[in-house]
Amino acid sequence: MSYRGNDSNENSQQTDIGAALRNGREILFQAFNWESHKHDWWRNLERKVPDIGRSGFTSAWLPPVTHSFAPEGYLPQNLYSLNSKYGSEHLLKGLLQKMKQHKVRPMADVVINHRVGTTQGHGGMFNRYDGISLSWDEHAVTSCTGGLGNRSTGDNFHGVPNIDHTQLFVRKDITAWLQWLRNNVGFQDFRFDFARGYSAKYVKEYIEGAKPIFSVGEYWDSCNYNGHGLDYNQDSHRQRIINWIDGAGQLSTAFDFTTKGILQEAVKGQLWRLRDSQGKPPGVIGWWPSRAVTFLDNHDTGSTQAHWPFPSNHIMEGYAYILTHPGIPSVFYDHFYDWGDSIHDQIVKLIDIRKHQDIHSRSSIRILEAQPNLYSAIIGEKVCMKIGDSSWCPTGREWTLATCGHRYAIWHK
């Protein structure tokens, strides 16, 4: 695959699935939360698209767009029906058109680990898909979840038939469906839900088949804890995420759950956690930043589910960290639109600094301080930042304060 510079036009990106990863200048927006299906979502988002584009986001992750047994979209059944609780197919197409106008790429939430059956088959389970498109039989369902297929190549998602990706007919159908989302519906990027549930080699095959511009996988498992809380060393946790990226042929990024887990403890007066034993950032961004999507919360960890929430009074320190650091930062809808104009505007300012100082996924980083109440670093030799209660500023007259807020400050040269 030939190298193409940052000025690669959209048409060349259409065919080159590595271009966005090499460029490293993505800024993602998660455009929903767990309650969005109750709020005429496609219409609501369409009104916000100009602001999303103006703020500097390159891609907006939408909730699952296909027909689902559960209103949030994560129990899919008829994959070719685009009428969901978020709105009609017509409203979705209008939203995608608006996003195209404002140069924000739509990211599809790809839920292909499991699928709710329509009819009872082997063993009296709802493990057949008669009467809808992709009318698979029991051989499309893993033997561990009541089907006649092979064993799962990953972890089980309980209570629903899990798709057997070892079956060639299943993979051909999924690839064709992803190509339809990409080429007919108008999605350009993919987010792979519950990526622990099936082998990463199938993600590689699906990306090669459908050619999204950008992909991210949700490989989420538990961090390492001891009797006193979170371990300082999370190397085995980040290694598992890196193994998944490798398994996907290095074609996809992955959410940096390691950084999230460490950062949300660090901001509570434990900022020493933000430098590993090698002097690098302790999450996936410390080892493979061009494949790491950093974030503070999503519809599972935050929102009304709040399975693992970032401390709400430290949100801006969190964004000051991920929006100045290497990796690919992602901003959560709730923080951007539901937590007040001040937070919205502070996040926009941080994005603005990232873009103007040309910080990207592979920018260099020098960590200067990592004490309980002070963390500071220089990124790309162009931006200096600090978070924490302690007062601090960089030495040298070349630094100018770019922005500051409660417990954070950013300088540039």
ask   = Going by atom types only, do Arg182 and Gln179 share a side-chain donor-acceptor pair under 3.5 Å?
value = no
query = Is Thr324 reaching over with its side chain to a backbone N or O of Ala320, donor-acceptor style, under 3.5 angstrom?
reply = yes
query = Does the pair Glu72 and Ser68 meet the rule for a side chain to side chain donor-acceptor pair (under 3.5 Å), with working shown?
reply = CA-CA 8 Å; Glu72 300 85 9; Ser68 164; over 6 Å; no
His307 atom NE2: more than 12 heavy-atom contacts under 6.0 Å = yes
request  = For this output row, return yes or no: ring centroids of Tyr80 and Trp180 closer than 6.0 angstrom.
outcome  = yes
key: Chi angles and distances behind the salt bridge (charged side-chain N to carboxylate O under 4.0 Å, His left out) call for Arg54, Asp51   = CA-CA 5 Å; Arg54 208 169 33 242; Asp51 182 63; 3.5 Å; yes
Thr118 vs Phe126 side-chain heavy atoms within contact, under 4.5 Å = no
request  = Determine the minimum heavy-atom distance between Asn313 and Arg407, stating which atoms define it.
outcome  = O-NH2, 2.9 Å
ask   = Nearest heavy-atom pair of Asp109 and Arg191: which atoms, and what distance?
value = OD1-NH1, 2.8 Å
request  = Please check if the side chain of Arg362 supplies one atom and the backbone of Arg22 the other of a donor-acceptor pair under 3.5 Å.
outcome  = yes
query = If every non-hydrogen atom of Val267 is compared with every non-hydrogen atom of Pro311, which pair is closest and at what distance?
reply = CG2-CG, 3.8 Å
task = Determine whether Lys349 and Asp345 make a side-chain contact, defined as any pair of heavy atoms from C-beta on separated by less than 4.5 Å.
result = no
ask   = Relative to the ring of His335, is the ring of Tyr319 parallel (under 30°), tilted (30 to 60°) or perpendicular (over 60°)?
value = perpendicular
query = Which word best sums up how the rings of Phe194 and Phe157 line up, parallel for under 30°, tilted for 30 to 60°, or perpendicular for over 60°?
reply = perpendicular
query = Can you find a side-chain donor-acceptor pair between Asp189 and Ser59 that sits under 3.5 Å?
reply = yes
task = Check for a donor-acceptor pair, side chain of His102 on one end and backbone N or O of Val104 on the other, with a separation under 3.5 Å.
result = no
key: Test item: Ser133 and Asn78 side chains (from C-beta on) under 4.5 Å apart, heavy atoms   = yes
message = How close do Asp276 and Pro281 get, counting heavy atoms only, and between which atoms?
response = OD2-O, 3.7 Å
inquiry  = Before you tell me yes or no, could you show the steps for Glu46 and Arg43 under salt bridge (charged side-chain N to carboxylate O under 4.0 Å, His left out), namely the whole-Å CA-CA distance, both residues' side-chain angles and the distance that decides it to 0.1 Å?
reply    = CA-CA 5 Å; Glu46 187 170 344; Arg43 264 202 194 90; over 6 Å; no
query = Taking atom types as modelled, is there a side-chain donor on Trp34 or Asp300 under 3.5 Å from an acceptor on the other?
reply = no
ask   = Yes or no on side chain to side chain contact (heavy atoms under 4.5 Å, CB included) for Thr301 and Lys260, after CA distance, side-chain angles and deciding distance?
value = CA-CA 10 Å; Thr301 65; Lys260 173 183 165 52; 3.7 Å; yes
message = A quick test of your reading: do over 12 heavy atoms of other residues, nucleotides or ligands sit less than 6.0 Å from NZ of Lys204?
response = no
inquiry  = Can you tell whether the side chains of Lys211 and Glu208 come within less than 4.0 Å, N to carboxylate O?
reply    = no
query = Do we see a donor-acceptor contact under 3.5 Å between the side chains of Thr258 and Gln234?
reply = no
query = For Lys172, does the NZ atom have more than 12 heavy-atom neighbours from other residues, nucleotides or ligands under 6.0 Å away?
reply = no
key: Reported OH-to-CD1 distance for the pair Tyr337 and Ile347, which is rounded to 0.5 angstrom   = 10.5 Å
request  = Please indicate whether Lys413 has more than 12 foreign heavy atoms, meaning atoms of other residues, nucleotides or ligands, lying under 6.0 Å from its NZ.
outcome  = yes
message = Nearest 0.5 Å, please: how far is SG in Cys223 from OH in Tyr225?
response = 5.0 Å
inquiry  = Atom NZ of residue position Lys280 - does it have more than 12 heavy atoms of other residues, nucleotides or ligands inside 6.0 Å?
reply    = no
message = Working to the nearest 0.5 angstrom, can you tell me the gap between Ile328 CD1 and Arg25 CZ?
response = 11.5 Å
task = Using a strict 4.0 Å threshold on nitrogen-to-oxygen distance, state whether Arg238 and Asp235 make a salt bridge.
result = yes
request  = Report yes if some heavy atom in the side chain of Tyr198 is under 4.5 Å from a heavy atom in the side chain of Asp155; otherwise report no.
outcome  = no
ask   = Can a salt bridge be assigned to the pair Glu265 and Arg273 using a cut-off of 4.0 Å between side-chain N and carboxylate O?
value = no
ask   = So Trp339 and Tyr333, ring-ring contact (aromatic ring centres under 6.0 Å, His included) or not? Walk me through it.
value = CA-CA 9 Å; Trp339 288 33; Tyr333 181 93; over 10 Å; no
remark   = Taken to the nearest 0.5 Å, the spacing of Leu251 CG from Leu21 CG works out to 7.5 Å
inquiry  = Both conditions, 6.0 Å and 45 degrees, for the charged tip of Lys386 above the ring of Tyr408: are they met here?
reply    = no
inquiry  = Could you go through Trp41 and Ser84, starting from their C-alpha distance and side-chain angles, then the distance that decides it, and tell me whether this counts as side chain to side chain contact (heavy atoms under 4.5 Å, CB included)?
reply    = CA-CA 10 Å; Trp41 205 245; Ser84 71; over 6 Å; no
Side-chain H-bond candidate by donor/acceptor type, Asp221 with His237, under 3.5 Å = yes
task = Kindly compute the distance separating CG (Asn33) from CG (Asp338), expressed to the nearest 0.5 Å.
result = 6.5 Å
query = Under 30°, 30 to 60°, or over 60°: which ring-plane class applies to Trp392 and Trp411, parallel, tilted or perpendicular?
reply = perpendicular
message = Is it the case that the side chain of Asn23 and the backbone of Ala19 share a donor-acceptor pair, with hydrogens and angles ignored and the cut-off at 3.5 Å?
response = no
query = Minimum heavy-atom separation for Gly146 to Val141, with atom names?
reply = C-CG1, 4.3 Å
task = Check the angle between the aromatic planes of Trp244 and Tyr219 and answer parallel, tilted or perpendicular using the 30° and 60° thresholds.
result = tilted
request  = Using a 4.5 Å cut-off on heavy atoms from C-beta on, say whether the side chain of Pro64 contacts that of Tyr74.
outcome  = yes
ask   = How long is the span from the NZ atom in Lys98 to the CZ atom in Arg47, to the nearest 0.5 Å?
value = 9.5 Å
request  = May I ask you to decide if His299's main-chain N or O and Gln305's side chain share a donor-acceptor pair within less than 3.5 Å?
outcome  = yes
task = Classify the ring geometry between Phe336 and Phe57 as parallel (under 30°), tilted (30 to 60°) or perpendicular (over 60°).
result = perpendicular
Under 3.5 Å side-chain donor-acceptor pair for Thr145 and Asn156 = no
ask   = Do His314 and Leu263 have side chains that get closer than 4.5 Å, going by heavy atoms?
value = no
note = Smallest heavy-atom separation, Thr259 atom then Asp256 atom, equals OG1-OD2, 2.7 Å
ask   = Does some side-chain heavy atom of Glu218 sit less than 4.5 Å from a side-chain heavy atom of Phe257?
value = yes
ask   = Do Phe187 and Leu62 have side-chain heavy atoms sitting under 4.5 Å apart?
value = yes
ask   = Using the ring of each side chain (for Trp, its six-membered ring), is Trp220 parallel, tilted or perpendicular to Trp308, with breaks at 30° and 60°?
value = parallel
ask   = With a cut-off of under 6.0 Å to the ring centre and 45° to the axis, is Arg115 in cation-pi contact with Tyr129?
value = yes
ask   = Should the pair His165 and Tyr202 be assigned to parallel (<30°), tilted (30 to 60°) or perpendicular (>60°) ring geometry?
value = parallel
Check: residues 282-296 side-chain donor-acceptor pairs under 3.5 Å, at least two apart:
residue : atom : partner : partner atom : Å
Arg291  : NE   : Gln250  : O            : 2.8
Arg291  : NH2  : Gln250  : O            : 3.2

